[in-house]
Amino acid sequence: MADTKREIERKYESDDSGLPDLTGVAGVANVVDKGTADLDATYHDTSDLRLASAKVTLRRRSGGSDAGWHLKLPVAPGVRDEIHAPLSDTLPDELAALARSRVREGQLVPVIRLRTTRDVQHLVDADGALLAEVSVDRVRADRLFGGDGKAQWTEIEVELADGGDPAFLDKVEKRLGKAGVRPSKSASKLARALAETKGGKPRPPKTASAAPVTAGDHVMAYVRAQRDAIVELDPAVRLDTEEGVHDMRVATRRLRSTFRTFGKVLDRQVTDPIADELKWLAGELGVGRDQEVLAERLMSALADVPPTLVHGPVHDRIQRWAEASERGSRSRLLGVLDSTRYLALLDTLDTLAADPPLLKAAAKDPEKVLTKAVHKDFAKVTDLIETAMAEPPGHDRDLGLHEARKKAKRTRYAAEAARPALGKPAKTMVKSMKSLQTMLGEHQDSVMARETLRELSAVAHAAGESAFTYGLLYGREEQRAAAVEAEAPGAWEDIKAGAPV
């Protein structure tokens with residue numbers, strides 16, 4: 001079974017003079033010598049170094065207190081999530097799955113062997129609690145694939161204790177700096193080994209230029225950012241992190257919206273089939289997510305009902321309904337992420353990012369092209385919401401407001417893509433559409449909650465239970481929807497008045 005740990009560390013160059021005295025660091029009461037460990041790590045990657053290009057490391061390491069397989073995923077500079085699995089001869093399936101969005105159908109091979117002699121010291125406070133682990137590492141690197149070079153160096157590594165304040169590392173760095181120790185030029189031992197053994201360097205995926213110029217530049221910068229988000233969020237979805245599914249689903253929606261909104265920039269004959277696959281993926285991601293959000297809403301609403309008005313096992317029935325859905329959706333989603341169809345979609349997105357199907361408008365001035373596209377989406381929102389509010393309360397209005405919400409979301413994403421080129425007007429549009437999306441989202445959630453309450457009420461009634469509480473919750477949801485409908489006309493007038501159109 002794999003375990004996940006947040007690793008916050010910094011690396012420094014060393015001239016073999018050892019570790020400077022760190023007892024003067026604020027908060028450090030003692031420096032405890034923990035002895036020396038011999039570590040032997042073999043790093044695995046594809047032949048074209050896909051993991052290294054994404055700043056991901058996968059290694060099998062023996063020696064030390066944490067021998068085993070380690071997969072490290074970047075979070076921020078100096079911050080990585082390390083997933084650890086027990087030592088074994090072959091790569092554990094759970095780690096292979098977490099690397100799949102980057103490895104795809106490629107084969108993992110040993111690329112670098114690092115043998116490290118590590119002198120370890122612990123920085124502790126007055127109570128003996130660990131603040132950070134500091135090590136002096138004498139490293140020998142051997143190239144195993146793509147060359148046979150060797151390298152060796154010494155470095156200092158400072159790793160923050162679990163739950164520690166990252167600001168403590170600044171204090172340590174200040175003390176090291178006074179002793180002449182400087183931050184390492186390499187982000188990791190693997191990066192340094194790849195560079196110094198003179199094999200092929202990792203080839204990062206194609207990204208947008210530092211300074212987008214044309215309309216196509218700006219659109220493709222947004223497209224590549226969403227492609228990257230899907231790939232990077234894959235492990236989070238597999239690990240069932242709190243927002244992993246939601247965030248990946250948003251990335252798929254942003255891509256689909258971009259393809260539709262900027263059809264004058266990107267050829268829809270190419271992007272429409274990709275959009276269909278993204279819609280499929282978003283649907284699979286939403287199977288469990290929608291039920292989870294709805295269950296939380298129902299449970300929260302039930303908690304506000306006085307106990308004297310709760311008739312029957314309402315809580316248990318809602319919980320069983322949610323759990324039954326969750327069990328099936330989780331296993332289904334993991335199957336989707338391992339499917340040939342999903343991996344082919346990732347390959348297609350890479351191809352699109354590397355060789356975009358640009359149309360004539362892509363070479364034009366971004367302000368004119370992007371503004372026109374955003375205005376067109378906003379006009380559709382205007383038509384949808386005003387048509388919906390002209391309907392009497394009921395099914396047609398509910399459906400119309402739902403369509404307006406989806407179009408508001410698309411307009412928001414279009415403005416996000418255009419923001420680097422258009423500046424404040426696009427920022428204002430993003431804010432307005434997000435506000436409208438939130439308001440209409442509350443209305444749609446109420447519609448879905450009422451449908452579910454009707455279903456649960458029917459099941460409860462058939463089981464001989466009272467349906468009173470379900471009716472009470474239904475009535476409260478009606479009131480919440482009515483409040484949104486009463487607020488919507490005024491809110492919409494404010495949005496139109498402030499819209500940069």
Side-chain angles (χ1 to χ4, degrees), residues 2-39 41 55-57 59 61 63-68 70-85 114-139 152-193 235-236 239 241-243:
D3 298 314
T4 301
K5 174 181 179 294
R6 177 62 53 88
E7 177 186 81
I8 303 176
E9 67 179 17
R10 298 182 187 179
K11 296 180 182 293
Y12 302 88
E13 305 285 351
S14 174
D15 59 3
D16 293 328
S17 61
L19 190 67
D21 180 18
L22 297 176
T23 54
V25 175
V28 176
N30 196 13
V31 179
V32 181
D33 188 350
K34 303 300 290 186
T36 301
D38 291 319
L39 312 176
K55 297 182 173 58
V56 174
T57 61
R59 73 186 179 203
R61 189 168 78 182
S65 60
D66 63 345
H70 306 140
L71 177 69
K72 296 190 178 186
L73 303 170
V75 176
V79 183
R80 296 187 289 183
D81 279 339
E82 178 178 293
I83 300 94
H84 177 274
L114 295 183
R115 283 170 285 182
T116 303
T117 299
R118 169 169 288 181
D119 296 326
V120 181
Q121 296 189 26
H122 282 182
L123 307 185
V124 299
D125 64 15
D127 296 323
L130 180 65
L131 298 171
E133 179 176 284
V134 184
S135 63
V136 178
D137 293 343
R138 292 179 291 279
V139 185
Q152 60 182 24
W153 68 89
T154 301
E155 67 180 38
I156 295 173
E157 185 174 289
V158 184
E159 181 174 347
L160 189 68
D162 293 347
D165 182 357
F168 177 71
L169 295 182
D170 295 332
K171 299 175 183 178
V172 176
E173 183 164 301
K174 183 177 180 180
R175 178 68 187 87
L176 290 173
K178 288 181 177 180
V181 177
R182 296 290 177 259
S184 175
K185 296 177 182 178
S186 297
S188 67
K189 288 182 175 66
L190 175 62
R192 183 164 183 172
L239 290 169
T241 61
E242 184 174 357
E243 293 297 323

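Numbers here simply count residues along the sequence, with the first being 1.
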Practice item. List the steps, then state whether side chain to side chain contact (heavy atoms under 4.5 Å, CB included) holds for Asp66 with Glu82. Key: CA-CA 11 Å; Asp66 63 345; Glu82 178 178 293; 4.1 Å; yes
Drop me the distance from [X]'s [atom1] to [Y]'s [atom2], to the nearest 0.5 angstrom.
X      : Y      : atom1 : atom2 : value
Arg10  : Glu155 : CZ    : CD    : 15.0 Å
Asp119 : Lys34  : CG    : NZ    : 14.0 Å
Glu159 : Lys11  : CD    : NZ    : 9.0 Å
Glu9   : Leu160 : CD    : CG    : 10.5 Å
His84  : Leu71  : NE2   : CG    : 12.0 Å

Over all atoms of both residues, closest heavy-atom pair of [X] and [Y]:
X      : Y      : result
Ile156 : Ser14  : CG1-CB, 4.0 Å
Glu13  : Pro183 : CG-O, 3.8 Å
Pro235 : Leu73  : CB-CD1, 3.7 Å
Val31  : Leu123 : CG2-CD2, 3.7 Å
Pro166 : Ile8   : CG-CD1, 4.4 Å
Pro20  : Val181 : CG-CG2, 3.9 Å

Practice item. Answer yes or no: does atom CD of Gln152 have more than 12 heavy-atom neighbours from other residues, nucleotides or ligands under 6.0 Å? Key: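 Counting neighbours around CD of Gln152, 12 or fewer heavy atoms of other residues, nucleotides or ligands fall under 6.0 Å, so no.
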Review point. In terms of heavy-atom contacts, does NZ of Lys174 have more than 12 from other residues, nucleotides or ligands at under 6.0 Å?
Key: no
Is there a side-chain contact between [X] and [Y] in this structure, where contact means two heavy atoms from C-beta onward sitting under 4.5 Å apart?
X      : Y      : answer
Arg80  : Ser188 : yes
Val79  : Arg6   : yes
Arg61  : Leu114 : no
Val158 : Leu176 : yes
Val124 : His122 : yes
Thr4   : Leu239 : yes

[X] (side chain) donor-acceptor with [Y] (main chain) under 3.5 angstrom:
X      : Y      : value
Asp165 : Ala167 : yes
Arg175 : Asp21  : yes
Arg182 : Tyr12  : no
Ser184 : Ser186 : yes
Thr117 : Arg138 : no
Asp127 : Ala129 : no

Practice item. Show the numbers, then the answer: is there a salt bridge (charged side-chain N to carboxylate O under 4.0 Å, His left out) between Lys189 and Glu157? Key: CA-CA 10 Å; Lys189 288 182 175 66; Glu157 185 174 289; 3.0 Å; yes
Exercise for review: Please test Lys5 against Glu7 for salt bridge (charged side-chain N to carboxylate O under 4.0 Å, His left out), starting from the C-alpha separation and ending with a verdict.
Suggested key: CA-CA 6 Å; Lys5 174 181 179 294; Glu7 177 186 81; 5.5 Å; no
